[in-house]
Peer 1: 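Supplied in structure tokens, the structure appears directly below.
Lettering of chains follows the sequences in order, A, B, ..., and the numbering in each one begins at 1. Values below: all heavy atoms of this structure, side chains included; hydrogens, waters and symmetry mates excluded.
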Number of protein chains: 2
Amino acid sequence: MATILDVARAAGVSASSVSNFLNDRRGKMAPATRERIETAITELRYRPSRVALQLKTGKTATIGLLVPAVANPFFGAVAMAIQRAAQARGYQVILCNTFRDPKREREFAEDLVALGVRGIITGASLLNPGHLSELASKGLSVVAFEGDAGAAVPGIHVVSVDNAMATTLAVDHLVTLGHRRIAYVTGPAQTAARVARLKGFRTAAERHGLGEDASVHEISLPPNDYGDDMIAELGVGAALALAKAPRRPTALIAMNDLLAIGLAAGLREHGITIPDDIAMVGIDDLFLARLMNPPMTSLRQPLAAMAEAAIACLVGDAGEAAPTTALIFPPELIVRQSTVPAAI
Amino acid sequence: MATILDVARAAGVSASSVSNFLNDRRGKMAPATRERIETAITELRYRPSRVALQLKTGKTATIGLLVPAVANPFFGAVAMAIQRAAQARGYQVILCNTFRDPKREREFAEDLVALGVRGIITGASLLNPGHLSELASKGLSVVAFEGDAGAAVPGIHVVSVDNAMATTLAVDHLVTLGHRRIAYVTGPAQTAARVARLKGFRTAAERHGLGEDASVHEISLPPNDYGDDMIAELGVGAALALAKAPRRPTALIAMNDLLAIGLAAGLREHGITIPDDIAMVGIDDLFLARLMNPPMTSLRQPLAAMAEAAIACLVGDAGEAAPTTALIFPPELIVRQSTVPAAI
DNA sequence: CCGCTTTAGTGCAACGATATACCGGAGGTT
DNA sequence: AACCTCCGGTATATCGTTGCACTAAAGCGG
């Protein structure tokens, strides 16, 4: 690889001049020299070494992305949105799978700092983000890509869909269709998003006066190291309990689409038909939602806009000086065939 | 962030000694000094700057991963497998979505080189990898994560499932079940894998003497910039043509599971039932295959082993000296309920 | 023709690590 | 006592870039 010195030699100037050219430092360049440098660069196919640049300036054009597992289609979509938004600003993305393990998360974060990343985006903010908070207080920019304005932690910016609103809209939608016996199926309260979604369900159910008709089914997930396909897998198992419930709910809201896919598969195995026997609403609106049998009603997250905001938050000059912010985006209800009016 | 000099000062030694300690250069260290350095490091929470290290040694612990789109669950799984394998050897992964655009692919590759990556893994090798080949000839390590031993390009290592074998096994399986009117549904011959799969289908069909009974349906995909969910989406549309075909096939093989998911949804819309009306086999064995309705027979790729091999290939000392290699892994047929014996 | 500003461009010290070459002193050999 | 050999550790150049401080030459008013 050609260095700036090779270019300088080829153009018959000093490295400084090439550097000046590259960073177009104005006022200092005769047109002739400018041209000589230009041709030398193209002929040698010179590209400045990002590494040297990093070392010198201290600034990187790299951000770290922490997700539980990219094999989870939701985080696949998140990773793609983030990478595209980053690329639009000339940033590279380093991908890390944390498997929801705080220890791993912390280790990754430290590695990323050693790599000199500009900031870190964490796809699923664990409930006790002390490990990240500590790094944030040392000047690292951190954005939690899910969570909740209330749960803001010092130094950690939040860019998230309104999780409570998602479940609220789901309940509203089902109640409008005449459903009252509504069950919410969720995993353990491990992440801020899960907690907020559950809360949204509870308040909406109360507002509609559903009382005992509203139920919450928490399914347990293995501690970590599962590729998140387990979420769907466990949905399959959880379906049995729902199918056998004494007063079976007429509608189901799943913590997310992945779980919904599993639940749908499980219900099918037990001879329960969606939407005739039970209605179902998912959250996230994966592209898979509309390919399901039947296509599933879900709440869409505006991922592209959110990713854009997250990157802007890290890249923006505001940087460390900015106080902790929370940007909350509203979800959009996408109605499909999995929800029909309740049988009377 | 503490630097090696801060540690040296804290321990009352020179930076060289700290460096010696870090790279355990043996023979040269009194136990007392060693301890002083050790405590200084832990107290200052010192971590060597990867950036400086890179600049000095020229070696990075970073690899680049080029995939069409991580939002595609298959590439999500690939990305996760690669990242895990990389992590096991202390490597970081930089993620790039190419949208199957050679221009973008080339640009990413050059950016990655400027970043000093140790090598590049490309998830879907386009048919004319001239752009990568050129970089490879300049000393960059490149591994194509799909392809075909025959299509080997100078300088590009291949680590792939045996794509031809995948379709061959699918045909064998269906023929064993008594099917003869078998259709293969594929996208345009854009990647090495697609070409190899098609070839495998054709040779297997010929070997079984299927003649006109074996048909190939190529569906066209938009040029790029689609998030790969379009593949499934287009499967939905393609299902119509298959449903209306004069002598409808009794079995379908899809280029991959994502397309199969779309086809399944489309067939359903046209009132065609799997497996009674038509049997279906996918390729890749996404975790979604077993959650489909009905669960789908598919050909599994040993992604973990393949990722391991790909990383070993890049990291191994062999490096540039090694001749172009091709490591081909056999796929495994996973039989589920989407394939049943043909109606007589 | 002298001094002053402007223009065009160079020199050099960093950034944080590594590694080669070196060096002072303790101990052993002859 | 002079010489050699280890041992423990340090000084220094270097990786590719940046940006400040500097300078040589040209322009210009008086």
Peer 1: What nucleotide, of dC15(C), dT10(C), dT18(C), holds the atom closest to the side chain of Leu55(A)?
Peer 2: dC15(C)
Peer 1: Taking the basic N atoms (NZ, or NE/NH1/NH2) and the acidic carboxylate oxygens, is any pair closer than 4.0 Å for Arg106(B) and Glu134(B)?
Peer 2: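 Counted as a salt bridge, because a side-chain N and a carboxylate O are separated by less than 4.0 Å.
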Peer 1: For Ser17(A) and Val13(A), indicate whether the former's side chain and the latter's backbone hold a donor-acceptor pair under 3.5 Å.
Peer 2: no
Peer 1: Please report how far the helix from dC1(C)-dG30(D) to dT30(C)-dA1(D) bends, comparing the axis fitted to its first five pairs with the axis fitted to its last five, to the nearest 10 degrees.
Peer 2: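 Computed from the C1' atoms at both ends, the axes differ by 70°.
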Peer 1: Residues of residues 5-19 of chain B with any non-hydrogen atom less than 4.0 angstrom from an atom of DNA chain C: list those, numerically ordered, please.
Peer 2: Ser16(B), Ser19(B)
Peer 1: Answer yes or no: does a side-chain N or O of Thr33(A) lie under 4.0 Å from OP1 or OP2 of dG9(C)?
Peer 2: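 So the side-chain polar atoms of Thr33(A) do come within 4.0 Å of the phosphate oxygens OP1 or OP2 of dG9(C), strictly under.
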Peer 1: My understanding is that only one of Arg50(B), Gln87(B), Arg47(B) makes a side-chain hydrogen bond (donor to acceptor under 3.5 Å, both in side chains) with Asp111(A); could you say which?
Peer 2: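 For Asp111(A), the side-chain hydrogen bond (donor to acceptor under 3.5 Å, both in side chains) check succeeds only for Arg47(B).
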Peer 1: How far apart are the closest heavy atoms of Ala309(B) and Phe329(B), and which atoms are they?
Peer 2: CB-CZ, 3.9 Å
Peer 1: If you look at every heavy atom in Cys313(B) and Val143(B), which pair is closest and at what distance?
Peer 2: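 Taking Cys313(B) first and Val143(B) second, the nearest heavy atoms are SG-CG2, 3.9 Å.
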Peer 1: Taking only side-chain N and O atoms of Asn20(B), does any of them lie within less than 4.0 angstrom of OP1 or OP2 on dT18(C)?
Peer 2: no
Peer 1: Would you call Leu95(A) and Val70(A) a side-chain contact if the rule is heavy atoms closer than 4.5 Å?
Peer 2: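 With C-beta onward as the side chain, the pair touches.
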Peer 1: Could you state the atom-to-atom distance from NZ of Lys56(A) to P of dC15(C) in whole Å?
Peer 2: 7 Å
Peer 1: What is the minimum heavy-atom distance between Pro48(B) and Ala114(A), and which atoms define it?
Peer 2: O-CB, 3.9 Å
Peer 1: Looking at Gln54(B) and Leu115(B), what are the two nearest heavy atoms and their distance?
Peer 2: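 Heavy atoms only, the tightest pair is OE1-O, 3.6 Å.
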Peer 1: As a test of reading the structure: which of dG16(C), dA14(C), dG8(D) is closest to the side chain of Ser49(B), going by heavy atoms?
Peer 2: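 For the Ser49(B) side chain, the nearest candidate turns out to be dG16(C).
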Peer 1: Using a heavy-atom cut-off of 4.0 Å across all strands, would you classify Phe21(A) as base, sugar-phosphate, or nothing?
Peer 2: nothing
